[in-house]
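Remarks on the structure that follows.
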Amino acid sequence: MPPASRRSSARSAAPAGPTWQDVEPGPIVLVSGPEDLLADRAVDRLIELGRASDPGLEVTRLDAADYTTGTLTVVTSPSLFAEDRLVVVAGLERASDDLIADVTAYLAAPAADVVVVLRHAGGQRGKKLLDALKAQRVPTVACDAVKTDGDKTAFVSAELRRAGRRADGQAVRALVDAVGSDLRELAAACSQLVADTTGLIGAEVVERYYGGRIEATGFRVADAAVAGDAGQAVALLRHALATGVDPVPIVAALAAKLRVLAKVAAVRGRGAGAVRELGLAPWQTDRALNDLRRWTPEGLAAAISSVAQADAEVKGEGRDPRFAVERAVLRVAASSGTA
């Protein structure tokens with residue numbers, strides 16, 4: 001194999017860093033990324049492991065916003081009672097030069113019996129320090145943002161597995177539709193379902209607990225509009241607006257639904273393998289393939305154009321965001337009837 005190929009293979013085979021579920025204490029651990037729930041879980045796990053080893057573990061939390069020079073040195077200095085210590089330095093992405101200098105100096109000679117956890121939520125601030133941590137092969141827990149429906153679906157399934165429970169595909173999708181905008185809410189919903197139900201979690205259970213929230217989201221509106229059911233779509237839309245849902249996320253849900261249709265439509269003629277390569281959840285592709293039976297390319301283009309216009313209007317270019325989103329819903333529903 002040529003040297004360049006060997007280097008490429010070595011990079012692709014490089015082991016990933018620990019997850020929040022399996023991170024272990026070390027002299028320094030970096031918790032990096034914008035997803036606070038996962039970051040909090042990583043920190044909590046390190047604290048739990050530390051206390052399992054030493055019930056007298058001393059935990060100190062420092063915040064970049066009010067850090068003063070030398071504090072890190074003080075809290076990591078040898079303890080009079082020789083107990084283990086864990087120091088959490090939060091907000092590294094907004095660190096002052098003093099904090100960056102102190103952490104950089106500490107990196108050269110970490111203290112014994114101390115675990116220092118560095119929390120960086122993202123951005124370029126402190127990049128030189130991050131590069132130094134990477135060069136030292138400091139264990140890094142990546143807490144990437146969970147944004148796509150596919151990622152949220154995987155998160156829900158994993159949450160339930162951890163609790164020894166399962167849900168069918170429709171139930172998982174219904175839960176993501178209902179509370180999927182925030183990962184903490186999604187985790188809390190999983191915990192509630194686990195605590196309050198038994199056996200396989202079905203869609204009817206999720207509907208019972210979160211049905212009102214599901215109907216008050218743009219996802220149900222988008223589903224009805226794409227199905228060509230203008231009456232149901234408008235009824236759901238007006239209910240959503242009456243319960244305080246902003247027009248912007250409703251338009252976003254319409255756009256997301258149409259984007260999935262467009263992606264699947266573009267590759268479905270190349271076979272199931274090409275559809276799988278889109279990276280969508282199985283239920284998304286199945287639903288899209290079913291929906292596309294009612295759509296023509298011209299109808300899909302018209303619907304996308306209508307939603308693009310509504311998107312601009314609900315973000316300031318129009319006088320009445322509610323009228324703009326209702327008109328878009330009606331146009332989408334009408335466009336599906338061109339099939």
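Bear in mind the structure is a predicted one, so any value in this text is a computation, not a measurement.
Applying the salt bridge (Lys or Arg N to Asp or Glu O under 4.0 Å) definition to pairs two or more places apart or across chains, those involving residues 115-130 are D36-R119, D97-R125, K127-D131. Identified under the salt bridge (Lys or Arg N to Asp or Glu O under 4.0 Å) test for residues 254-266, with sequence neighbours left out: D223-K257, K257-D291.
In terms of heavy atoms, G91 sits closest to A64 at O-CB, 3.0 Å. Of all heavy-atom pairs spanning P249 and D246, the tightest one is CD-O, 3.0 Å. Annotation for S32 and T140: closest pair CB-CG2, 4.1 Å, computed over non-hydrogen atoms. Here the closest heavy-atom approach between residue L254 and residue A222 is recorded as CD2-CA, 3.7 Å. Minimum interatomic distance between V314 and P247 (heavy atoms only, all atoms of both residues): CG1-CB, 4.1 Å. When all heavy atoms of V329 and A225 are compared, the pair lying nearest together is O-CB, 4.0 Å.
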Determine all donor-acceptor pairs shorter than 3.5 Å in which one atom belongs to a side chain in residues 159-172; sequence neighbours excluded.
unit_1 : atom_1 : unit_2 : atom_2 : d
E159   : OE1    : R41    : NH2    : 3.0
E159   : OE2    : R41    : NH1    : 2.6
E159   : OE2    : R41    : NH2    : 3.4
E159   : OE2    : R162   : NH1    : 3.0
R165   : NE     : G199   : O      : 3.1
R165   : NH1    : V194   : O      : 3.2
R165   : NH1    : T197   : O      : 3.0
R165   : NH2    : T197   : OG1    : 2.9
R165   : NH2    : G199   : O      : 2.7
D168   : OD1    : Q170   : N      : 3.2
D168   : OD1    : A171   : N      : 2.7

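A donor-acceptor contact shorter than 3.5 Å links the side chain of E35 to the backbone of V146. A donor-acceptor contact shorter than 3.5 Å links the side chain of S191 to the backbone of A187. For the pair E317 (side chain) and A312 (backbone), a donor-acceptor distance under 3.5 Å is absent. Under a 3.5 Å cut-off, the side chain of S336 and the backbone N or O of A333 do form a donor-acceptor pair. Between the side chain of D84 and the backbone N or O of D54, no donor-acceptor pair lies under 3.5 Å.
Residue I304 holds its CD1 atom at 8.0 Å from CG of L261, rounded to the nearest 0.5 Å. Expressed to the nearest 0.5 Å, how far CZ of R85 lies from OG of S77 amounts to 7.5 Å. Atom CG of L292 and atom CG of L300 lie 7.0 Å apart (nearest 0.5 Å). Here the CD-CG distance, from E326 to L237, works out to 5.5 Å after rounding to the nearest 0.5 Å. Going from atom SG of C190 over to atom CD1 of I201 covers 7.5 Å, rounded to the nearest 0.5 Å.
Judged as a salt bridge (charged side-chain N to carboxylate O under 4.0 Å, His left out), and not counting sequence neighbours, the contacts of E313 are R327. Applying the side chain to side chain donor-acceptor pair (under 3.5 Å) test to R331 and every residue at least two apart in sequence or in another chain returns Q309.
With salt bridges taken as basic N to acidic carboxylate O contacts below 4.0 Å, one links D40 and R184. A salt bridge does not link K152 to E185: none of the charged nitrogens lies less than 4.0 Å from a carboxylate oxygen. For the pair R94 and D63, the salt-bridge criterion is met [side-chain N within less than 4.0 Å of a carboxylate O].
Counting heavy atoms from C-beta outward, P139 and V23 have side chains that stay 4.5 Å or more apart. V248 is listed as a side-chain neighbour of K315, based on a closest heavy-atom distance under 4.5 Å. Side-chain contact check for T71 versus D102: every heavy-atom pair is 4.5 Å or farther apart. Taking the side chain as every heavy atom from C-beta outward, V226 and W295 approach each other to under 4.5 Å. L186 places a side-chain heavy atom less than 4.5 Å from the side chain of L175.
L49 and V88 fall into different hydrophobic clusters, where Ile, Leu, Val, Met, Phe, Trp and Tyr are joined by side-chain heavy atoms under 4.5 Å apart, directly or via other members.
Through direct or relayed side-chain contacts under 4.5 Å between Ile, Leu, Val, Met, Phe, Trp and Tyr, L30 connects to I28, L62, Y67, L72, V75, V87, V89, L92, L99, I100, V103, Y106, L107, V114, V116, L118, L129, L130, L133, V138.
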### Query
Given the rule in the side chain to side chain contact (heavy atoms under 4.5 Å, CB included) test, do L183 and L38 qualify, once you have shown the distances and angles that lead to the verdict?
CA-CA 9 Å; L183 208 62; L38 303 184; 4.2 Å; yes
### Query
Step by step, would you call R61 with V43 a side chain to side chain contact (heavy atoms under 4.5 Å, CB included)?
CA-CA 11 Å; R61 296 180 183 270; V43 174; 4.2 Å; yes
#### Entry: side chain to side chain contact (heavy atoms under 4.5 Å, CB included) between W20 and L37, intermediate numbers included
CA-CA 10 Å; W20 68 266; L37 173 66; over 6 Å; no
